[in-house]
Amino acid sequence: KNQVEQSPQSLIILEGKNCTLQCNYTVSPFSNLRWYKQDTGRGPVSLTIMTFSENTKSNGRYTATLDADTKQSSLHITASQLSDSASYICVVSALSSGGSYIPTFGRGTSLIVHP
Amino acid sequence: DTGVSQNPRHKITKRGQNVTFRCDPISEHNRLYWYRQTLGQGPEFLTYFQNEAQLEKSRLLSDRFSAERPKGSFSTLEIQRTEQGDSAMYLCASRIGGGAGTDTQYFGPGTRLTVL
């Protein structure tokens with residue numbers, strides 16, 4: 001069964017600090033991995049998208065890494081801001097036998113940034 | 001605002017009633033996706049369309065769930081004979097089609113369903 005596990009479940013950091021969120025997956029056959037930011041009560045917003053051949057992707061203060069061999073990804077947030085408080089969701093897509101890309105979502109890491 | 005709109009934003013219904021949600025994607029996007037998200041969980045893929053064709057519906061949760069996109073623009077998700085377990089946020093997303101699925105999906109704000 002395709003699964004995406006994220007850790008930690010929640011994280012509290014002080015404004016200005018860095019943090020790293022983890023994602024382990026067992027999705028196969030792997031197509032791509034995305035990180036989303038979801039504010040409470042709103043739809044997710046895409047941060048990064050990586051394919052099998054990419055091992056790092058940056059978007060401003062967000063940097064995602066991918067190790068396709070160990071099936072692990074991380075999202076590093078630099079110089080955190082209060083507005084970074086949100087849930088961060090890892091999504092791994094697999095190509096189904098029918099030719100569709102089926103995403104499997106992790107449960108997310110809830111990040112709280114304190115002043 | 002991503003450009004994807006969903007209506008209604010909130011729906012309260014009694015168990016056994018039918019409900020229908022609407023999603024209006026970004027106009028040039030031919031791929032449209034439906035997801036369900038329960039409290040404390042990540043979204044769960046339900047189905048998706050390329051234009052008016054529903055390309056994947058095996059993940060719909062039961063035969064009480066159905067979706068349409070009759071003209072390849074807006075889409076509706078219907079739940080018949082609602083149950084309390086259907087209470088969740090229903091999210092819609094759209095993207096430009098084709099490729100290896102790596103184009104960005106843009107999510108709507110969701111419809112929050114509460115079944116009493």
Side-chain angles (χ1 to χ4, degrees), chain A residues 1-7 9-10 21 23-25 27 29-54 57 59 62 64 66 86-110, chain B residues 1-7 9-10 21 23-26 29 31-50 53-60 88-114:
Chain A
K1 179 182 178 182
N2 289 337
Q3 288 188 315
V4 175
E5 300 290 339
Q6 292 188 242
S7 62
Q9 186 174 349
S10 62
L21 314 180
C23 173
N24 295 338
Y25 62 92
V27 174
F30 177 88
S31 172
N32 61 77
L33 185 146
R34 306 165 186 258
W35 282 94
Y36 284 93
K37 177 186 178 186
Q38 185 175 26
D39 293 314
T40 301
R42 308 191 70 170
V45 174
S46 180
L47 295 176
T48 62
I49 303 171
M50 288 183 290
T51 59
F52 184 87
S53 59
E54 297 174 295
K57 184 71 70 77
N59 177 2
Y62 302 102
L66 172 64
S87 179
Y88 291 83
I89 303 174
C90 175
V91 186
V92 184
S93 291
L95 183 60
S96 73
S97 57
S100 297
Y101 293 95
I102 306 298
T104 300
F105 289 73
R107 295 180 62 176
T109 291
S110 176
Chain B
D1 183 2
T2 63
V4 179
S5 61
Q6 293 187 246
N7 288 287
R9 294 292 309 277
H10 303 273
F21 310 139
C23 172
D24 286 89
I26 294 171
H29 287 184
R31 293 281 177 104
L32 186 149
Y33 301 78
W34 284 101
Y35 300 89
R36 182 181 79 161
Q37 186 173 24
T38 53
L39 200 62
Q41 303 292 321
E44 178 181 15
F45 170 77
L46 296 180
T47 187
Y48 85 99
F49 294 84
Q50 178 167 309
Q54 190 172 10
L55 298 186
E56 178 64 58
K57 53 184 178 181
S58 66
R59 306 304 174 97
L60 286 169
M89 175 78 83
Y90 290 85
L91 293 163
C92 172
S94 72
R95 71 171 181 90
I96 292 174
T102 54
D103 293 304
T104 298
Q105 287 192 22
Y106 294 86
F107 281 80
T111 293
R112 169 76 63 189
L113 173 66
T114 302

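All chains are named by letter (A, B, ...) in the order of the sequence lines, taking the proteins before the strands, and each is independently numbered beginning at 1.
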Undergrad: How many angstroms lie between atom CZ of Arg42(A) and atom CG of Leu91(B), to the nearest 0.5 angstrom?
TA: 12.5 Å
Undergrad: Against chain A, label Arg112(B) side chain, backbone, both or neither, depending on which of its atoms sit under 4.5 Å from a heavy atom there.
TA: neither
Undergrad: As an exercise, state the distance from CG of Leu55(B) to OH of Tyr101(A), rounded to the nearest 0.5 Å.
TA: 12.5 Å
Undergrad: At a 4.5 Å cut-off on heavy atoms, which part of Tyr106(B) comes close to chain A: side chain, backbone, both, or neither?
TA: neither
Undergrad: Could you report the tightest heavy-atom contact between Ile89(A) and Pro43(B), atom names first, then the distance?
TA: CD1-CD, 3.8 Å
Undergrad: Top residue by heavy-atom pair count (under 4.5 Å) with chain B, among Ser100(A), Pro44(A), Ser46(A)?
TA: Pro44(A)
Undergrad: Determine whether more than 12 heavy atoms belonging to other residues, nucleotides or ligands lie under 6.0 Å from atom CZ of Phe105(A).
TA: yes
Undergrad: What part of Gln6(A) gets closer than 4.5 Å to chain B, counting heavy atoms only: side chain, backbone, both or neither?
TA: neither
Undergrad: Could you tell me which non-hydrogen atom of Ser96(A) sits nearest to which non-hydrogen atom of Glu56(B), and how far apart they are?
TA: OG-OE1, 4.1 Å
Undergrad: Give, as side chain, backbone, both or neither, the part of Gln6(B) having an atom under 4.5 angstrom from any heavy atom of chain A.
TA: neither
Undergrad: Which atom names give the shortest non-hydrogen contact between Gln105(B) and Arg34(A), and what distance separates them?
TA: N-NH1, 4.0 Å
